Amino acid sequence: MLQDPTMTTAARPVRVRIAPSPTGDPHVGTAYIALFNYVFAKHVGGTFILRIEDTDQTRARADSEQMIYDALRWVGLSWDEGPDVGGPFGPYRQSERGPIYAEHARILIDNGRAYRCFCTAERLAAVRARQQLEKTGHGYDRHCRSLPREESDARAAAGEAFVVRLAAPLTGNVVVQDKLRGDVTIDVGQIDDQVLLKSDGMPTYHLANVVDDHLMEISHVIRAEEWISSTPKHVLLYQAFGWQEPQWLHMPLLRNADKSKISKRKNPVSINYYRDAGILPHALLNFLALMGWSFGDDREKFTLAEMIEVFSWERISLGGPVFNLEKLTWLNEKYIHDLDYGQLADAFLGWRMRREHWMQILPLVRERIKKLDEIIPMTEYFFSGDLDYSAVLGDLVVPEVAPADVGKGLLAYVERFEAREGWSAAMLEEEARAWCEALGWKPKHGFMLLRVGSTGRKASPPLFETMAVLGKEITRRRLRRVAEVIASGGKVK
RNA sequence: GACCCUAUCGUCCAGCCGGCCUAGGACACCAGCCUUUCACGCUGGUGACGCGGGUUCGAAUCCCGCUGGGGUCGCCA
């Protein structure tokens, strides 16, 4: 009788997870991977878990976690276990699991599969620089690996700062058995003595991920392709602990039009953008399902329930799918047309027509209207996605600056607010003034550019208040797009 | 650069356990029909197996090489 390797994992209850890091806007890639985890789990009657990977103290953002919950629920995905709903394997927030990681790092030090490293950042930089120069190997030079245990213990006890590193095997191969791609064999010479525990006592992704997946009894790790090259390290960790590996499945990466990994420089990536731009949640989810997966017949529009019913890994294709806004829009149109009038009214009123949204807009226009009938025409750009700039092309200029440079300049402003936390009129204005100064543009020219770019008009309520209400997602998209319009001389629509 | 993944229309997918493929569907694009307008809808069209070697009676389908694309090389995830 042949042994089916999948039988061993099939025997385990299926438990899968999405493990986003709360470092910014809820990413469309998170929804994408969450979808496949969710659908697979539901197809086999398994459990879908949400775990928050917030081990990077410096990057975690307070509002990000809530936005992830909201965005995932908005598209229609819900989890059986997670920080906000609890569950038997908690806590589900890694920042609350510190002692667990420390304990496990300790286990590895004791069994010789990890060691303390006291190297300073400066020494590491020097090592890296020399490797660069001599074009020799790469990675940590294992300087501290041979430290006697007594010395290591003593220095740690004395309070010297250290990290814990994986003692990767020096010879041999590691095989990653990927259910989607077959066996991937890597020479251990490629594997670095990866940091497991940072000097602040927090684990790195590699340790936290492996420890949590094991403790939470995750049966299948379904994640994006970008993780495939660190998977051998994870396999090594499972071996070091003596644990059973989960089944690995690496999904293809969503791409920009130029095939690079999807990024906000080239594509809207925040789920909130699609929401604000008028995309229906089910349409977004359906579209994501089409990225790398096919229904089996020619069906392109289907419900989550239908997808769950017919789901199979065999229908995954591995080429990186380009996220195509036009096709999303077409699918969304189908969803809109299938709504009855009552549903359409509810969808529309629940969208940006909400009272809270009007309460932000009205203070900007009240002084500017004489009759109620002026409100809609005057505020139309608060309810649009992309704008038509054909009538204002002549105003998208800065005196004595070439269009290409005007476009580039505009992008520089976007970069500025991207680098800032929060979203407020005050911040936007501060950056705008500094931006004009840096470019040597008169504020009136720079500001007009921002005004026309974000509203499509020469006349608007106070610019920065307006941008604040428009929101980061819409503003970013419009400014990036108008930069293209300018640089192309109006060719891009 | 090293390692790894990947490769069918511009884009998303089907086909890939070899013949039924003069390669199918969808988006976009073009043309026509419908229509007082616009849109929807309908009909048709343009358009791809990256290249080179094998294996085979026969290859988009299997094997090898090349090339292209992507990812990863952090005390970020």
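Worth saying up front: this structure is predicted, and the values here are computed from it rather than measured. Here is how names work: the chains are called A, B, and so on, in the same order as the sequence lines, proteins then strands, and each is numbered from 1.
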Problem set entry | Separation between the C1' atoms of B:G70 and B:A23, rounded to whole Å | 26 Å
For this session: Step by step, work out the side-chain contact (heavy atoms from CB on, under 4.5 Å) result for A:Leu166 and A:Asp193.
Result: CA-CA 5 Å; A:Leu166 171 69; A:Asp193 277 6; 5.5 Å; no
Problem set entry | Proximal nucleotide (of B:G70, B:G71, B:C27) relative to the A:Lys259 side chain | B:G70
Seminar exercise, completed: A:Glu225 atom CD is separated from B:G70 atom P, nearest whole Å, by 12 Å
Problem set entry | Test salt bridge (charged side-chain N to carboxylate O under 4.0 Å, His left out) applied to A:Glu81 and A:Arg17, step by step | CA-CA 9 Å; A:Glu81 299 172 24; A:Arg17 75 335 188 248; over 6 Å; no
Exercise. Just how far, in rounded Å, is C1' of B:G71 from CD1 of A:Ile186?
Worked result: 13 Å
For this session: Please tell me which of the listed nucleotides, B:G25, B:A28, B:G71, lies nearest to the side chain of A:Glu326?
Result: B:A28
Exercise. What is the distance, rounded to the nearest whole Å, between atom CG of A:Leu318 and atom P of B:C5?
Worked result: 11 Å
For this session: Check whether any side-chain heavy atom of A:Asp213 lies under 4.5 Å from a side-chain heavy atom of A:Arg51, and answer yes or no.
Result: yes
Exercise. Between the base of B:C5 and the side chain of A:Arg181, is there a donor-acceptor distance below 3.5 Å?
Worked result: no
For this session: Determine: side-chain N/O of A:Lys198 to OP1/OP2 of B:A77, distance under 4.0 Å, yes or no.
Result: yes
Problem set entry | Minimum-distance nucleotide (side-chain atoms of A:Ser229 versus B:C75, B:G25, B:G71) | B:G71
For this session: Ignoring backbone atoms, establish whether A:Lys301 has a side-chain N or O less than 4.0 Å from OP1 or OP2 of B:G25.
Result: no
Exercise. Should we say atom CD of A:Glu306 is surrounded by more than 12 heavy atoms from elsewhere, each under 6.0 Å from it?
Worked result: yes
For this session: Using the six-membered ring of A:Tyr335, assess whether NZ or CZ of A:Lys301 lies under 6.0 Å from its centre and within 45 degrees of the ring axis.
Result: yes
Seminar exercise, completed: 5'-most contact on RNA chain B (nearest-nucleotide basis), A:Ile316 vs A:Trp330, goes to A:Ile316
Problem set entry | A:Lys327 (side chain) and B:A28 (base): donor-acceptor pair under 3.5 Å | no
Seminar exercise, completed: The single option from A:Phe311, A:Tyr32, A:Phe287 that satisfies ring-ring contact (aromatic ring centres under 6.0 Å, His included) with A:Trp293 is A:Phe311
Exercise. B:U72 phosphate, OP1 or OP2: any side-chain N/O from A:Lys261 under 4.0 angstrom?
Worked result: yes
For this session: Respond yes when some side-chain nitrogen or oxygen of A:Thr55 is under 4.0 Å from OP1 or OP2 of B:A77, and no when none is.
Result: yes
Exercise. Rounded to the Å, how far apart are A:Asn256 CG and B:G69 P?
Worked result: 16 Å
Problem set entry | Any-strand Watson-Crick or G-U partner of B:C21, both distances under 3.5 Å | none
Seminar exercise, completed: Note: for A:Val184 and A:Asp258 on RNA chain B, the residue whose nearest nucleotide lies more 5' is A:Val184
Exercise. What integer distance in Å separates A:Leu288:CG from B:C13:P?
Worked result: 12 Å
Exercise. Using the C1' atom in both, what is the distance from B:C20 to B:C38, to the nearest Å?
Worked result: 45 Å
For this session: Please check the phosphate of B:C12 (OP1 and OP2 only) for any side-chain N or O of A:Arg315 closer than 4.0 Å.
Result: no
Problem set entry | Closest to the A:Arg165 side chain, choosing from B:C75, B:G41, B:A26 | B:C75
Exercise. Under 3.5 Å, is there an N or O donor on one side and an acceptor on the other linking the side chain of A:Ser199 and the base of B:C75?
Worked result: yes
